[in-house]
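Report on the following structure.
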Amino acid sequence: KVTLELEPVKREKLLVELCNDNNIDVIDVRGLVETFYSMETFEDAFSEGLNAIHEGTFDPSRLCHLKANNFRLHEFYAQGAIGYVYKTIRDDSYLIEQKAVIKVIKPHLSHLYSYDLIHREAEIMASLQHNYIVKVFDAGILEFAHFKLPFYVMDFIEGKNIVDHFNSGTFNITDVIECFMKLLEALDYAHTRDTGVVHGDFKPDNIRIEGSGDPKILDYGVAQHVREKQSDIALVGSNYAKQFSEEYSSPELLAAKSLKGSSDIYSLCKVLYEVITGGPLDVDINDEFYAVSNNVKDTMDVGRYKPWLKELDAIIAKGTDEDESKRFYACDLRFELKRWLAFGKVESFKKDAMYDFIKFAKVHPKSAAIGISGAIAMYICITLLVFFWSWWPQAQIDADFNAELVALKYEKKLISYSGVSIDTDTNVHALLQADLYLAKHNKDVSDDARLDVIKNVALVASNRRY
């Protein structure tokens, strides 16, 4: 207040000296001074500044040029629900070309953090070493005014968020599914570690697409161990749940319940729906009217997959089920998408065997035609083989009988028995059958024996064969 009463030149000189002695940015103080002259009292100006911080309307550029460990906040870059992101420069002589950003928790939320929590989350993030997860390599507390603001230092990823990326041109649905399969690979890695880690804030702004086309998951700063104590999870969840967008948040996150990997799956499927359809998300995406199969955006080329989009509906429906126990694990969802991409059998889409056959025939018409032709040819071959197998023995017998019959006729032999007339071909045939029967059983061939055989089998003047 004494400084404010000095002449402008002396006031500026004293402000610079005081700021240097107290490690305060002179620009911030000048802003307060300018505000003072437009208000009735200094107390009003200071009070308004604090209220802006507490209400979340704080100007993030005020943190620029502050030092955070070996880095200095250089330029405000972006903000999310919980923090501000700044481009940085190294404040030492090491790795001066290193590209990194610092995420600083917003002042009005900083009271939710404790040092132990910051230390814990830093360890979690540093332990996640995966190609599709942004590397975090430093963390700490940034002091500003009377606030202690947690911060994390991570690799700088140039690129758009996943929704903006796939909205920036025409893409094939294959590109989308392959991208999400990579994200699921990263989530599976995090979920299945010894101390499984849930992201907890999986949304488009936390997924960046690099120039190579590979996705990167950002912001594991609000992550939590899957096996944490229930009371700790409830405390963290209740503090953060109201900061998240309901569009992507799972029901259990919004209810501040214990989070499992299925919470990330719910959010990922919501993002997948938005990428393919363009949204909106404030609808029941399990309703057929809003299903993917009926709402693919114009810039999404589905190509040969159009007839099978209903299978994708079933996949997303299962991934966003209100009951978390019915959702996929990350690895299972990844393989389900992989099967869908390969026109395979989608387990979450329940249909009969005929549907699977029709799908195969439509997707692989040449192979189906070859298979059907082969089946018909095999059926014909088996039918002919069965017919020949049953016909050949009888044909041999008939041939022998006919030869004997021709011989008898040629020799004009007429044989008669008491009570049996054999002056026809049929009766001669019966006689030959009897001879063959007796010979087969090593019995003497005599007229009486022949007569007994013929009478026993009741073969009298008929065309049947015995």
Side-chain angles (χ1 to χ4, degrees), residues 161-167 169-184 187 202-204 207 215 245-254 262-330 332-363:
N161 74 44
I162 190 168
V163 171
D164 290 342
H165 172 76
F166 284 110
N167 282 340
T170 300
F171 288 89
N172 192 300
I173 197 168
T174 304
D175 301 327
V176 174
I177 300 302
E178 288 178 347
C179 179
F180 275 82
M181 287 170 58
K182 293 176 181 178
L183 292 173
L184 286 164
L187 287 180
F202 204 86
K203 59 185 180 182
I207 310 166
S245 170
E246 294 186 10
E247 292 180 326
Y248 308 101
S249 300
S250 66
E252 56 270 26
L253 173 60
L254 296 175
S262 56
S263 178
D264 288 341
I265 297 301
Y266 181 96
S267 301
L268 178 138
C269 287
K270 284 277 192 173
V271 176
L272 175 59
Y273 176 86
E274 183 177 9
V275 168
I276 297 176
T277 67
L281 295 180
D282 56 346
V283 296
D284 181 7
I285 64 177
N286 296 325
D287 186 328
E288 185 176 356
F289 182 79
Y290 297 106
V292 167
S293 56
N294 296 322
N295 293 278
V296 177
K297 61 187 180 184
D298 295 337
T299 57
M300 185 62 60
D301 180 14
V302 295
R304 296 170 59 203
Y305 293 94
K306 186 174 182 178
W308 321 116
L309 287 176
K310 284 190 176 296
E311 297 178 346
L312 200 57
D313 292 340
I315 293 174
I316 293 178
K318 182 175 179 179
T320 56
D321 197 297
E322 293 291 317
D323 185 349
E324 59 181 317
S325 65
K326 295 182 180 179
R327 298 176 203 151
F328 294 98
Y329 289 105
D332 293 336
L333 178 52
R334 179 168 172 264
F335 285 118
E336 186 81 316
L337 290 174
K338 185 176 182 180
R339 285 190 291 268
W340 184 80
L341 210 56
F343 299 101
K345 180 178 176 59
V346 175
E347 298 297 334
S348 51
F349 187 72
K350 304 299 182 183
K351 288 292 181 180
D352 54 23
M354 181 57 68
Y355 173 87
D356 295 333
F357 173 76
I358 293 173
K359 179 179 179 180
F360 179 84
K362 287 185 176 180
V363 173

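Values in this document were obtained by computation on a predicted structure and should not be read as measured data.
Side-chain contact between I173 and V296: absent, with no pair of heavy atoms (C-beta onward) separated by less than 4.5 Å. Looking at L337 and L312, their side chains come closer than 4.5 Å, going by heavy atoms from C-beta outward. Contact of the L187 side chain with the L333 side chain is not registered, since no non-hydrogen atoms from C-beta on lie closer than 4.5 Å. When side chains are defined from C-beta on, C269 does not count as touching F328, because their heavy atoms never get closer than 4.5 Å. Looking only at side-chain heavy atoms (C-beta outward), D301 and T174 stay at 4.5 Å or farther from each other. When side chains are defined from C-beta on, K345 does not count as touching R339, because their heavy atoms never get closer than 4.5 Å. At a threshold of 4.5 Å between non-hydrogen side-chain atoms, the residues M181 and L341 count as touching. Side-chain contact between Y329 and R334: absent, with no pair of heavy atoms (C-beta onward) separated by less than 4.5 Å.
Residue A291 comes nearest to Y273 through the heavy atom pair C-CE1, 4.4 Å, listed as atom of the first residue, atom of the second, then distance. When all heavy atoms are compared, the tightest approach of S263 to S250 is OG-OG, 2.7 Å. Of all heavy-atom pairs between K297 and T277, the closest is CB-O, 3.7 Å. Considering all non-hydrogen atoms of both residues, A330 and I265 come closest at CA-CD1, 3.7 Å. Minimum heavy-atom separation, Y290 to N295: C-ND2, 3.1 Å.
Residue-environment remark: NZ (K306) stays at or below the threshold of 12 foreign heavy atoms within 6.0 Å. By the 6.0 Å contact criterion, CG on D284 is enclosed, its count of non-hydrogen atoms from other residues, nucleotides or ligands being greater than 12. No more than 12 heavy atoms of other residues, nucleotides or ligands lie within 6.0 Å of NZ in K338, so this atom counts as exposed by the packing criterion.
In this structure a side-chain-to-backbone donor-acceptor pair under 3.5 Å is missing from D313 to D287. Side chain of W340 to main chain of W308: a donor-acceptor pair is present (N/O by atom type, distance under 3.5 Å, no hydrogens or angles). The closest donor-acceptor contact from the side chain of S293 to the backbone of L309 lies at 3.5 Å or more, if one exists at all. E274 places no side-chain N or O within donor-acceptor distance of the main-chain N or O of V163, the cut-off being under 3.5 Å.
We find that E324 and R327 are not joined by a salt bridge, their nearest charged nitrogen and carboxylate oxygen being 4.0 Å or further apart.
Interatomic distance, F180 CZ to I207 CD1, rounded to the nearest 0.5 Å: 6.0 Å. The structure places CD1 of I162 at 10.5 Å from CG of N167, a figure rounded to the nearest 0.5 Å. L184 contributes atom CG, which lies 10.0 Å from atom SG of C179 (distance to the nearest 0.5 angstrom). With rounding to the nearest 0.5 Å, the separation of CZ in F166 from CE in M300 is 6.5 Å. Here CZ of F343 is found 4.0 Å from CZ of R304. Values are rounded to the nearest 0.5 Å. One distance of note links CG of D264 with CZ of F202; it measures 7.0 Å at 0.5 Å rounding.
Ring geometry for F171 against H165 counts as tilted: the plane angle lies between 30° and 60°, on a 0 to 90° scale.
Of the N and O atoms on the side chains of N161 and K203, not one donor lies less than 3.5 Å from an acceptor on the other residue.
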- Just do the side chain to side chain contact (heavy atoms under 4.5 Å, CB included) check on F289 and N294 with the steps written out, would you? CA-CA 7 Å; F289 182 79; N294 296 322; 6.0 Å; no
